[in-house]
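Naming: A, B, ... by sequence-line order, numbering from 1 per chain.
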There are 2 protein chains.
Amino acid sequence: MAEKAVDTKKVSPRQRLLAAADELFYNEGVHAVGIDRVIEKAGVAKGSLYYNFGGKDDLIREYLLGRHAAWTARIDGALTETQDPGERILLVFDVLETLFSDPGYRGCSFMNAVAEAPVGGPELRAAANFRSWLHELFGQLVAALDVRNTQELTDQLVILYDGAVTAAQMDNSPQAAATAKTLAAMVVAYSLSENRVA
Amino acid sequence: MAEKAVDTKKVSPRQRLLAAADELFYNEGVHAVGIDRVIEKAGVAKGSLYYNFGGKDDLIREYLLGRHAAWTARIDGALTETQDPGERILLVFDVLETLFSDPGYRGCSFMNAVAEAPVGGPELRAAANFRSWLHELFGQLVAALDVRNTQELTDQLVILYDGAVTAAQMDNSPQAAATAKTLAAMVVAYSLSENRVA
DNA sequence: GCATTCTTATACAGATCGGTCTAATCTCGT
DNA sequence: ACGAGATTAGACCGATCTGTATAAGAATGC
């Protein structure tokens, strides 16, 4: 029998459903997990699912929303450590390293969700929002740099971020974060030396 | 009604099944497509599927095998264009650019398959083989370079490859290939200047 | 206290899933 | 021409899917 994801006492069915969905959806994929599995792990009646959520699509949307919020909070928290523009960019890759080191790491939830998303599915909108946030994150970090090629550098950093995330998942190699960080340091240094504002 | 993927005349049911599976599995995901959809698009009886294949898992394995073979052939074909070690590395990213420009591009079939793969699924073995090939590809291209940090440079190029593939899919931006190519040129030039063999 | 809301357990519906089976037909090598 | 192998169409199976219905109990707020 599957063990409960959270204590039944004093936690609302809604929260228990979200916790169970988060674990199951991330570990096995949104499509592969049925709602029966979710309500069983949450220890909740099926009726409560449809009372608190509009349906599975709604649960998927909330799952991705929660992942998005948790990740932005983790990044924002780490970014308070320093104010140096160059170091703040590299900090993102340090956070990635701690993420990859989690033995339960199974890749980016949004990339995985997009991989199995139907054409009109709720995953696509959530993923688009996540990508907007990612581009904005690097865009703002780069804007703090005295550099002329802001757009180019931002695009480069996004690719390094995506490469680290994907390589870490596909090859089970957390050190992909360190490799990407080295590349990020290189490209930032290059922009600072060749494209510094006059 | 769904149109046939291939002409019924003079093409064996096995080939028609593979062609239909390739299109459906890639476009909608391995898990989301049922065998009924495949046999309908292939214009083949259900019995023929189980006569020619062991089951859906077997069909999935052959689908990924075909993707692997087609991609290696495309890369190998492009690599005949030049013998210059540095240019050959960058050529890989040129092929990526043509791949991303296909309006039907929906990401790397192996990454997508892994995203929805069950723990013991046939996708994992196929994906592992693909990743071995990818590392070997860059490993051999780097080995032709007179450089000391072969392993480091190989890992860096794999990350740039993965980043381009993922960013192109998530942001629908084929120009990710050009961005990654620029980074690859930078890192190759850096290794040649700082790590050239004595 | 009492009504409203929330939660529970369970049965059920309609659809689809991968897979098996049968029996007739077709293809093709000898 | 004959027989083996390949293909066909379709019925059928048990399992699973998302979602609904029902009826009774727990919690909550006024």
How many Å lie between [atom1] on [X] and [atom2] on [N], as a whole number?
| X | N | atom1 | atom2 | answer |
| --- | --- | --- | --- | --- |
| B:R16 | D:dT8 | CZ | P | 6 Å |
| B:L59 | C:dG19 | CG | C1' | 14 Å |
| A:L49 | D:dT20 | CG | C1' | 13 Å |
| A:L17 | C:dT7 | CG | C1' | 11 Å |
| A:R14 | D:dA27 | CZ | C1' | 18 Å |
| A:E40 | C:dT10 | CD | P | 13 Å |
| B:E116 | C:dC17 | CD | P | 14 Å |
| B:K46 | C:dG18 | NZ | C1' | 7 Å |

Any side-chain heavy atom of A:V38 within less than 4.5 Å of one from A:F25?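 Yes, at least one pair of side-chain atoms sits under 4.5 Å.
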
I want to check something: taking the side chain as every heavy atom from C-beta on, are A:L96 and A:L99 in contact at a cut-off of under 4.5 Å?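 The answer is yes, as the side chains (C-beta and beyond) meet within the 4.5 Å cut-off.
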
Residues which pass salt bridge (charged side-chain N to carboxylate O under 4.0 Å, His left out) with A:K46, listed by chain and number, not counting sequence neighbours: A:D36

Side chain to side chain donor-acceptor pair (under 3.5 Å) partners of B:S109, counting only residues at least two apart: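 Per chain and number, B:S109 pairs via side chain to side chain donor-acceptor pair (under 3.5 Å) with no residue.
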
Which pairs pass ring pair (Phe, Tyr, Trp, His ring centres under 6.0 Å) with one or both residues in residues 82-103 of chain A, sequence neighbours excluded?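 Every ring pair (Phe, Tyr, Trp, His ring centres under 6.0 Å) pair that includes a residue of residues 82-103 of chain A, provided the two are not neighbours, is A:F100-A:Y105.
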
Output the single nucleotide from [options] whose closest atom is nearest the side chain of [X].
| X | options | value |
| --- | --- | --- |
| B:S48 | C:dG19, D:dT7, C:dA9 | D:dT7 |
| A:K56 | D:dG19, D:dT8, C:dG18 | D:dG19 |
| B:Y50 | C:dT8, D:dT7, C:dG19 | C:dG19 |

Considering only heavy atoms, which members of residues 27-38 of chain B lie under 4.0 Å from some atom of DNA chain C?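 Residues of residues 27-38 of chain B under 4.0 Å from DNA chain C: B:V33, B:G34, B:I35, B:D36.
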
Only pairs under 3.5 Å count here: list side-chain donor-acceptor contacts from residues 141-151 of chain A, not counting sequence neighbours, and write none if there are none.
unit_1: A:N149; atom_1: ND2; unit_2: A:E152; atom_2: OE1; d: 2.8
unit_1: A:N149; atom_1: ND2; unit_2: A:S191; atom_2: OG; d: 3.1
unit_1: A:Q151; atom_1: NE2; unit_2: A:D155; atom_2: OD1; d: 3.0

For residues 115-127 of chain B, which side-chain N or O atoms pair as donor and acceptor with protein atoms under 3.5 Å away, sequence neighbours left out?
unit_1: B:E116; atom_1: OE1; unit_2: B:H31; atom_2: N; d: 3.2
unit_1: B:E116; atom_1: OE2; unit_2: B:V30; atom_2: N; d: 2.9

